[in-house]
Engineer: 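Just dropping this structure here.
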Number of protein chains: 2
Amino acid sequence: MYQPTATEENYLKTIYHLSNTGIKSVNTSSIATSMETTAASVTDMLRKLSDKEWINYEKYKGVKITRKGEKVALGIIRKHRLWEVFLTNILDFEWDEVHHMAEELEHVSSEELIKRLDTFLGHPKFDPHGDPIPDQTGKMESHDKFNLSAGEAGEKYIITGVTDHSTLFLKHLRKYGLLPGVTVSIAEIMDYDKSMLVKVNKDKFHLSLEVSKNILIKKYVSSK
Amino acid sequence: MYQPTATEENYLKTIYHLSNTGIKSVNTSSIATSMETTAASVTDMLRKLSDKEWINYEKYKGVKITRKGEKVALGIIRKHRLWEVFLTNILDFEWDEVHHMAEELEHVSSEELIKRLDTFLGHPKFDPHGDPIPDQTGKMESHDKFNLSAGEAGEKYIITGVTDHSTLFLKHLRKYGLLPGVTVSIAEIMDYDKSMLVKVNKDKFHLSLEVSKNILIKKYVSSK
DNA sequence: TACTATTTTTAGATTTGTCTAAATTTAATA
DNA sequence: TATTAAATTTAGACAAATCTAAAAATAGTA
Ligand SMILES: [Mn+2]
Ligand SMILES: [Mn+2]
Ligand SMILES: [Mn+2]
Ligand SMILES: [Mn+2]
């Protein structure tokens, strides 16, 4: 139908993400905050996105993304995450360095390029942060993820991702080797502040609730 | 100093190329033709590029690129050609398919990304079309290239590049396996139309002057 | 319910890059 | 050299995306 501009792609991606963050209705100001722009600019853009049928928009009533808009958003998210895999696995960037570059690369338009990149990378299912990569049709894995802060003392878990994607947080976790795929056992949970003592390989760390709240895990199972 | 926009980068790249195509002074209309835009638009942009000291521009007198502007242009050309190597060598695209994608990828801004891509690719000196890749300082190899049409019957040559970069021409050459690095011997040159019979491996082809004029070669030397 | 605070939209500008049409300058030629 | 042709620049407009400030609508609260 229409060919979205890079800006339109960014709006749709943001609206898609906000729609899936438990936030009831996606309103103008939440979009403005996420996009680091003004509510007035968002209103302007919402009208354009609505004209092109990527969202349903009624003045003052908030926004709902359409199936069409979702398809655009998932395409961009797919590109973003595949490029992130490329940057970490092939060019050896750290997981806290790749997001900014992927923000640019995700707008390179060739579908064939991303198809071949996907093949070259071995059809990865998750990006370096543990986020699932949509396939060409938009489908992706959704392993039930829960927070390390909800884990129990004495139990063993595998890190599957993070809820805070900020460079600061990712860098912090890297210092402890707390990356997706790594096995963590909870040695002790402090009653006073809910901080925890965890074991990773031979090392023991003390993690604040602030940190454990933002780490996603699944139960450890020895078979694969 | 200033951060060039993608459009400014494209203008500078075009001006740089025109400056090195033997065309005496780079004039407004030649830029307009190359960029597929109007002379009026070019005039507007020349003023901007001049303000930012990437070109020297005097009304009605044409354009000369500055050292600063050349540095910008060479940076873009480096990115363009490295991405072309990536697309052909790593993602298995054909040499006639990569230019369009590289036109987008060349504007991805990270210097560190291109540095690592260069390392990953093994610091290639030439792109898939035989064009030299500038290094980080802007230096590049300039093998003296001459045209196959100026070759002599009975002699053996190695293809080093092309002067026509159109998809049509590149596709045509691919059909015959006439790619950079391939050895060609001229069996016969027809007096009437200067067309030639060439041998590539076991195959013999008849090449029109139109074609041989656009193929760049160097003398064959058995040692390396 | 009435008033106030917050959110959202509108109005009016600005920047970047583009265009067409008209005016101006330079080049070509009779 | 005078006149015509071609190239270039200017003038005025437009689309995309943004902004600030003001107006309008909705939500929160006494
Ligand atoms: Mn990211
Ligand atoms: Mn983006
Ligand atoms: Mn190219
Ligand atoms: Mn090339």
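Each chain gets a letter, A, B and so on, in the order the sequences are listed, and its residues count up from 1. Everything numeric in this text was worked out from a predicted model, so none of it was measured. These values consider heavy atoms only, across backbone and side chains, with no hydrogens, waters or symmetry-generated copies.
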Engineer: With a 3.5 Å distance limit and no angle check, can you tell me whether A/Thr14 reaches the backbone of A/Asn10 through a side-chain donor-acceptor pair?
Structural biologist: yes
Engineer: Quick one: does B/Thr43's side chain have a donor or acceptor within less than 3.5 Å of a partner on B/Ala39's backbone?
Structural biologist: yes
Engineer: How would you label the contact of B/Thr28 with the nucleic acid (heavy atoms, under 4.0 Å): base, sugar-phosphate, or nothing?
Structural biologist: sugar-phosphate
Engineer: Please pick, from C/dT18, C/dT20, C/dT8, the nucleotide with the shortest atom-to-atom distance to any side-chain atom of A/Ser29.
Structural biologist: C/dT8
Engineer: Look at the side-chain N and O atoms of B/Tyr11 and state whether any lies under 4.0 Å from the OP1 or OP2 oxygen of C/dT16.
Structural biologist: no
Engineer: By ring-ring contact (aromatic ring centres under 6.0 Å, His included), which residues pair with A/Phe120, not counting sequence neighbours?
Structural biologist: none
Engineer: State plainly whether the residues B/Arg116 and B/Glu112 are in salt-bridge range, i.e. N to O under 4.0 Å.
Structural biologist: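 So B/Arg116 pairs with B/Glu112 through a salt bridge.
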Engineer: Whole angstrom is fine here: how far is it from CG in A/Asp44 over to P in C/dT15?
Structural biologist: 17 Å
Engineer: Within the supplied structure, the quantity of interest is the number of heavy atoms (other residues, nucleotides, ligands) at a distance under 6.0 Å from A/His100 NE2; does it exceed 12?
Structural biologist: no
Engineer: Taking only distance into account, with no hydrogens and no angle test, what donor-acceptor pairs under 3.5 Å do side-chain atoms of residues 66-89 of chain B form with protein atoms, sequence neighbours excluded?
Structural biologist:
| from | atom 1 | to | atom 2 | distance (Å) |
| --- | --- | --- | --- | --- |
| B/Thr66 | OG1 | B/Glu53 | O | 2.9 |
| B/Thr66 | OG1 | B/Trp54 | O | 3.0 |
| B/Thr66 | OG1 | B/Lys68 | N | 3.4 |
| B/Thr66 | OG1 | B/Gly69 | N | 3.0 |
| B/Arg67 | NH1 | B/Glu70 | OE1 | 3.0 |
| B/Lys68 | NZ | B/Glu53 | OE1 | 2.9 |
| B/Arg78 | NH1 | B/Pro134 | O | 3.0 |
| B/Lys79 | NZ | B/Val108 | O | 3.1 |
| B/His80 | ND1 | B/Glu103 | OE2 | 3.4 |
| B/His80 | ND1 | B/Glu106 | OE1 | 2.7 |
| B/His80 | NE2 | B/Glu84 | OE2 | 2.8 |
| B/His80 | NE2 | B/His99 | ND1 | 3.1 |
| B/Arg81 | NH1 | B/Pro132 | O | 2.6 |
| B/Trp83 | NE1 | B/Leu105 | O | 3.4 |
| B/Glu84 | OE1 | B/His129 | ND1 | 3.1 |
| B/Thr88 | OG1 | B/Glu84 | O | 3.0 |
| B/Thr88 | OG1 | B/Val85 | O | 3.2 |

Engineer: Kindly calculate the angle separating the two end axes of the helix from C/dT1-D/dA30 to C/dA30-D/dT1, each obtained from five base pairs, and round it to 10 degrees.
Structural biologist: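 One end axis against the other gives 10°.
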Engineer: Should A/Asn27 be listed as having a side-chain N or O under 4.0 Å from OP1 or OP2 of C/dT7?
Structural biologist: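 Negative; the distance criterion is not met.
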Engineer: For B/Thr7, answer base if it contacts any base atom (sugar-phosphate contacts may also be present), sugar-phosphate if it contacts only those atoms, and nothing otherwise; contact means non-hydrogen atoms under 4.0 Å.
Structural biologist: sugar-phosphate
Engineer: Can you pull the contact range of chain B along DNA chain D, 5' to 3', using atoms under 4.0 angstrom from its heavy atoms?
Structural biologist: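 Under 4.0 Å from chain B, the extent on DNA chain D is D/dT8 to D/dT10.
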Engineer: My understanding is that only one of B/Leu173, B/Thr163, B/Leu209 makes a side chain to side chain contact (heavy atoms under 4.5 Å, CB included) with B/Asn214; could you say which?
Structural biologist: B/Thr163
Engineer: Could you tell me the separation between the CD1 atom of B/Ile15 and the NE2 atom of B/His17, rounded to the nearest 0.5 Å?
Structural biologist: 12.0 Å
Engineer: Send over the distance from A/Arg47 CZ to C/dA11 C1', rounded to a whole Å.
Structural biologist: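 In whole Å, C/dA11 C1' and A/Arg47 CZ are 12 Å from each other.
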Engineer: Taking only heavy atoms on the protein side, list every residue of residues 50-66 of chain B lying under 4.0 Å from any atom of DNA chain D, sorted numerically.
Structural biologist: B/Tyr57, B/Lys59, B/Tyr60
Engineer: To the nearest Å, how far apart are B/Leu12 CG and C/dG17 P?
Structural biologist: 11 Å
Engineer: Are B/Thr37 and C/dG17 close enough that a side-chain N or O sits under 4.0 Å from OP1 or OP2?
Structural biologist: no
Engineer: Side-chain donor-acceptor pair under 3.5 Å between B/Asn27 and B/Ser30, yes or no?
Structural biologist: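 Present: a donor and an acceptor within the cut-off.
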Engineer: Separation of A/Ile31 atom CD1 from C/dT9 atom C1', in whole Å?
Structural biologist: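 Atom-to-atom, A/Ile31 to C/dT9, this comes out as 14 Å.
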Engineer: May I ask you to evaluate whether B/Thr5 reaches the phosphate of C/dG17, defined as a side-chain N or O under 4.0 Å from OP1 or OP2?
Structural biologist: yes
Engineer: Can you list every pair that meets salt bridge (Lys or Arg N to Asp or Glu O under 4.0 Å) and has a residue in residues 169-179 of chain B, with sequence neighbours left out?
Structural biologist: B/Glu94-B/Arg174, B/Asp96-B/Arg174
Engineer: If the threshold is 4.0 Å, N to carboxylate O, is there a salt bridge linking B/Lys115 and B/Glu111?
Structural biologist: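 Salt bridge flag = no for B/Glu111 with B/Lys115.
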Engineer: Using a cut-off of 4.0 Å on non-hydrogen atoms, how would the nucleic acid contact of A/Thr43 be classed: base, sugar-phosphate, or nothing?
Structural biologist: base
Engineer: Just how far, in rounded Å, is P of C/dT9 from CG of A/Leu46?
Structural biologist: 7 Å
Engineer: Using the closest heavy atom to pick a nucleotide of DNA chain C for each, name whichever of B/Met45 or B/Ala40 lands nearer the 5' end.
Structural biologist: B/Met45
Engineer: For B/Asn147, is there any backbone N or O sitting under 3.5 Å from a side-chain donor or acceptor partner on B/Tyr157?
Structural biologist: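 No, B/Tyr157 side chain to B/Asn147 backbone: no donor-acceptor pair under 3.5 Å.
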